[in-house]
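Index from 1, following the sequence. Since this is a predicted model, take the numbers as computed values, not measurements.
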Amino acid sequence: QVQLVESGGGLVQAGGSLRLSCAASGRTLSSYFMGWFRQAPGKEREFVAAISRSGGISYYADFVKGRFTISRDNAKNTVYLQMNSLKPEDTAVYYCAPATGSGSYYHRQTYDYWGQGTQVTVSS
């Protein structure tokens, strides 16, 4: 079983940047596609980005393209999400998870072993 811990969230002004980290224990992350999702109050958890096992392929939600970058360091068993040009609508709890299922990388149901999340708040 994989245990994940997200960190790096906080309060930032619109236009600012944050770098989220997702550190794993219990199993190596290099065996999995990894994804970042987010959930705002009263909303469904939604896909943000995903990255292949080697890091050579990545997918993004349209609303973060050009602003967010997903990356990974398999030697450190960690996945990152660099977030630039943040907007108030990016405010949410951000979660990472490994893709353990065979469905689309854009779908929440493909993922399991969610971390506790890290809060990102963007002020206007």
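- Linking ILVMFWY side-chain heavy atoms closer than 4.5 Å, directly or via other members, places Y60 and L86 in a single hydrophobic cluster.
- Between the CZ atom in F33 and the OH atom in Y111 there is a gap of 8.0 Å [rounded to 0.5 Å].
- For the atom pair CG of L29 and CZ of R53, the computed distance is 12.0 Å after rounding to the nearest 0.5 Å.
- Follow the hydrophobic side-chain contacts under 4.5 Å out from I57 and you never reach W36; the two are in separate clusters.
- The backbone N or O of S85 sits less than 3.5 Å from a side-chain atom of R67, completing a donor-acceptor pair.
- The distance between the ring centers of F37 and W114 falls below 6.0 angstrom.
- Here the shortest heavy-atom pairing between D112 and P98 reads O-CD, 2.9 Å.
- With respect to Y94, the side chain to side chain donor-acceptor pair (under 3.5 Å) criterion is satisfied by exactly one of Q119, E6, R38: R38.
- Expressed to the nearest 0.5 Å, how far OH of Y95 lies from SG of C22 amounts to 13.0 Å.
- Between K76 and Y80, the shortest heavy-atom distance links the atoms CD-OH, 4.0 Å.
- Note that the CZ atom of R108 and the CZ atom of F47 stand 14.5 Å from one another [nearest 0.5 Å].
- Looking at every heavy atom in both residues, P88 comes nearest to A14 through CD-CB, 4.1 Å.
- Partner L81 forms a side-chain contact (heavy atoms from CB on, under 4.5 Å) with one of V48, I51, T118, V120 and no other, that one being V48.
- No hydrogens or angles considered: a donor-acceptor pair under 3.5 Å links the side chains of Y32 and R27.
- The main-chain N or O of Y105 is never found under 3.5 Å from a side-chain atom of T110 such that the two would form a donor-acceptor pair.
- In this structure, S30 and N77 approach most closely via the heavy-atom pair N-OD1, 4.4 Å.
- Between the OG atom of S58 and the CZ atom of F68 there is a distance of 14.0 Å, given to the nearest 0.5 Å.
- Shortest non-hydrogen contact noted between S52 and G56 is OG-N, 3.2 Å.
- Salt-bridge check for K87 with D90: failed, with every basic side-chain N at 4.0 Å or more from each acidic carboxylate O.
- Atom CE of residue M34 and atom CG of residue L4 lie 5.0 Å apart, to the nearest 0.5 angstrom.
- Placement of Y59 and L20 in two distinct hydrophobic clusters is found when ILVMFWY residues are connected by side-chain heavy-atom separations under 4.5 Å, directly or transitively.
- Note on L18: it clusters hydrophobically with I70, by side-chain heavy-atom contacts below 4.5 Å among ILVMFWY residues.
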